[in-house]
Amino acid sequence: MADAAPLDRSAAARRATPAVTVASARTRHARLSPWAAFRTFWPLVSGNRAAVLVSALLLVVSAGCDAGAIGIAGQLTDDVLAPGDLGAFWDPAALWLALAGLGAVASAAGGYLAGWTSEHFLLGLRDRVFRHLQRLPPDTLARYGTGDLVSRLTGDVEAVETLVASAPVELLTSAVSALVFAVAALRTSWRLALITFAAAPLIWFGARAFGTLMRTATRAERDSNGRLASLLEESLANMSLVQAYSRQEAERAKVHREGRTWMRAGLRQIRLSSVYGPLGELLETVSVLTVIGAGAWQISVHHLSTGGLLAFAAYLGYLHPRLQELGELVVGASSATAACERLVEVLHTGPAQDPTSGREALAAAAPAAPPVPVRGSVTFEDVGFGYPGARRAVLHRVHLEVPPGLLVAVTGPSGAGKSTLAALLLRFHEPTHGRILLDGRDIAALPVDEVRGHITLLPQDSMLFDGTVRENITFGRPDATDAQVRAAAVAADAHDFVTALPDGYDSPVGRRGSALSGGQRRRVALARAMLRTSPVLVLDEPTTGLDDLATARVMGPLRRLTAGRTTFLITHDLRLITQADLVLHLADGTATGTATGTAPGAGSFPATAGAVEDGFGAATERASGHRAQ
């Protein structure tokens, strides 16, 4: 598992990892080594590898200029300061100035290129993870929590950047710089250099030991950070309920407990960092004192000049920070690996459907066919579904044929599978067995976007974005004209109140539509659904939360919205049920259908493990007759 790359996983592997495994995966991440984590995300740097290489080379050039300047400083000490010869000053000084200028330019350019690469990697990785999250079913996202996902898209992504984009430049620069200063020190005095190099293994093994401890501490800190973010998001989103029930103290206690857990994890990181830094400095001090003592002896026996000792000390002053940086890179890589594991967990969470697997892959491999007009016939053929790990299936072999234009009211107690039926139609999940047909075509063999392009969902919650009224109405059809937007608003009985707003259709609705009333939010949502002229419509409790007056206001728009469309209406509202051509009652995973009105043959009949079209004759005529008018 350590070497698995989520960016290149096969379709079979993705389908073998169901979305429901999130709950267990969140408590036990897939363990990755720093090298495996680096290999997993390195492909995202492929477009900018030239910039990485150039920035590293420029920083190495800067280090080389520093090494050359130190050598010139030693030369000035022996040839200018000791004999007091001012004439020997100018040429070395000019060369020193040139090296300083070249080093400054190389350092600035290399630093900018390294930062440019890092920022582009951050953008690409965050886009990649967010695009993957957009493919996951809503219930899978809910298992993580919004706050935790935000934490992964921000803090974890930035931590991965330090390992994958920044670390290679820093590693190459520090390693080559250390090599340059080490060679320069060897050329100055190989005896002193060997004494100094004896400390290098201690720095390396110390970094490895601290890295392992830091990885464990960081993993705990990132997990706690995600839980705290989710808790805060949930509490703030439900603050009105918390205040209404006077539960502020209980919520504060929960936040405090999780905050203490995060604090303890953070303090563990701080303890490790606080110990590692001073230990490195102590080791460096011991090395410097050793070099000074040994250097004094070298001068006394005329093996080294004063300028040579000063130059060696300067080389050592540059070498030790580079060795320290290499050690910190090891510790930092171990720390960033914990963030990599959290992102890999998300990327390994496969969607309910895979656009490159199964029958859909065969359809994708076939030659592109011209778009086929969809009339809206929907068929459930022996469809069953159960959530992975659940003891009981939600639906059992449901067989249902709905002709175009029919209005089907779906009723039943909570947990009976009403929303699951709609989720299967929208391909948020795949049936455990059986199949769903749209105009005779298996939706599993169609691209997900094409299936959803033929279906309009009006969710129970009137979801509005923080934008203008116009932007919310055109959400599902961005290319709509102003005339089409107004027509949809008029049909949804929203035009009058929208034009009364300060800026009309350009008025902001606020976060989640907070600037509008519940009925106004519902009518904007209806206008959005009307503008998206798809042949199949799914209405999830469209009158929930509305009073009688607001419900009366939306009844007319609802009739206009469903006219001529195949509609699945999930509701307990008898006023809506009486408008249906067929009432489908779900209970204990089975379905019973009742044709409404005075159609011959109307009555109760089973809708499981068999066709129900016998009761549809008159209802179908009714759908193709007066409802289409």
Side-chain angles (χ1 to χ4, degrees), residues 19-32 37 41 122 125-126 128-130 132-134 136-163 211-274 331-349 466 511-512 514:
V20 77
T21 60
V22 170
S24 60
R26 290 184 62 192
T27 57
R28 187 179 62 186
H29 301 304
R31 298 297 186 246
L32 295 176
F41 293 98
L122 274 174
L125 177 58
R126 188 176 291 114
R128 186 67 175 263
V129 176
F130 186 73
H132 179 78
L133 291 176
Q134 287 182 307
L136 298 181
D139 61 334
T140 301
L141 296 176
R143 291 190 184 99
Y144 283 100
T146 302
D148 182 56
L149 291 176
V150 171
S151 174
R152 296 180 194 233
L153 285 169
T154 51
D156 289 345
V157 166
E158 291 175 0
V160 171
E161 181 276 325
T162 62
L163 174 65
T212 301
L213 295 174
M214 185 62 79
R215 187 189 318 171
T216 302
T218 303
R219 185 181 296 125
E221 186 275 333
R222 295 311 305 164
D223 284 344
S224 180
N225 175 269
R227 291 193 298 271
L228 179 59
S230 289
L231 180 60
L232 288 170
E233 186 273 335
E234 180 182 61
S235 184
L236 291 173
N238 298 307
M239 187 57 69
S240 59
L241 180 65
V242 172
Q243 293 172 342
Y245 281 72
S246 300
R247 296 290 295 172
Q248 294 94 325
E249 190 60 38
E251 289 300 304
R252 277 198 298 269
K254 287 165 59 178
V255 171
H256 179 73
R257 283 195 301 271
E258 193 57 56
R260 284 186 61 85
T261 302
W262 188 33
M263 180 190 71
R264 287 193 293 266
L267 286 175
R268 186 180 181 191
Q269 287 181 300
I270 292 172
R271 285 196 298 270
L272 291 172
S273 300
S274 300
V331 176
S334 298
S335 178
T337 299
C340 291
E341 292 169 354
R342 282 166 51 86
L343 288 186
V344 167
E345 175 196 343
V346 170
L347 292 170
H348 276 191
T349 303
D466 189 5
R511 180 175 170 79
R512 298 180 179 177
S514 58

Minimum heavy-atom separation for [X] to [Y], with atom names?
X: V346; Y: H132; result: O-NE2, 3.1 Å
X: D148; Y: R227; result: OD1-N, 4.3 Å
X: A336; Y: A159; result: CB-O, 3.3 Å
X: C340; Y: F41; result: CB-CE1, 3.9 Å
X: L343; Y: V160; result: CD1-CG2, 3.6 Å

Calculate, to the nearest 0.5 Å, the distance between atoms [atom1] and [atom2] belonging to [X] and [Y] respectively.
X: E161; Y: L163; atom1: CD; atom2: CG; answer: 9.5 Å
X: E158; Y: L125; atom1: CD; atom2: CG; answer: 10.5 Å
X: L136; Y: R143; atom1: CG; atom2: CZ; answer: 10.5 Å

Checklist entry - Thinking salt bridges, do E345 and R342 make one under a 4.0 Å N-O criterion? => result no

Checklist entry - For R264, does the CZ atom have more than 12 heavy-atom neighbours from other residues, nucleotides or ligands under 6.0 Å away? => result yes

Checklist entry - Does the pair T349 and Y144 meet the rule for a side chain to side chain contact (heavy atoms under 4.5 Å, CB included), with working shown? => result CA-CA 11 Å; T349 303; Y144 283 100; 2.7 Å; yes

Checklist entry - With distance as the sole test, does T154 use its side chain to make a donor-acceptor pair with the main-chain N or O of V150 at under 3.5 Å? => result yes

With a 4.5 Å heavy-atom cut-off, do [X] and [Y] have their side chains touching?
X: L267; Y: I270; result: yes
X: R252; Y: E249; result: yes
X: D156; Y: V129; result: no

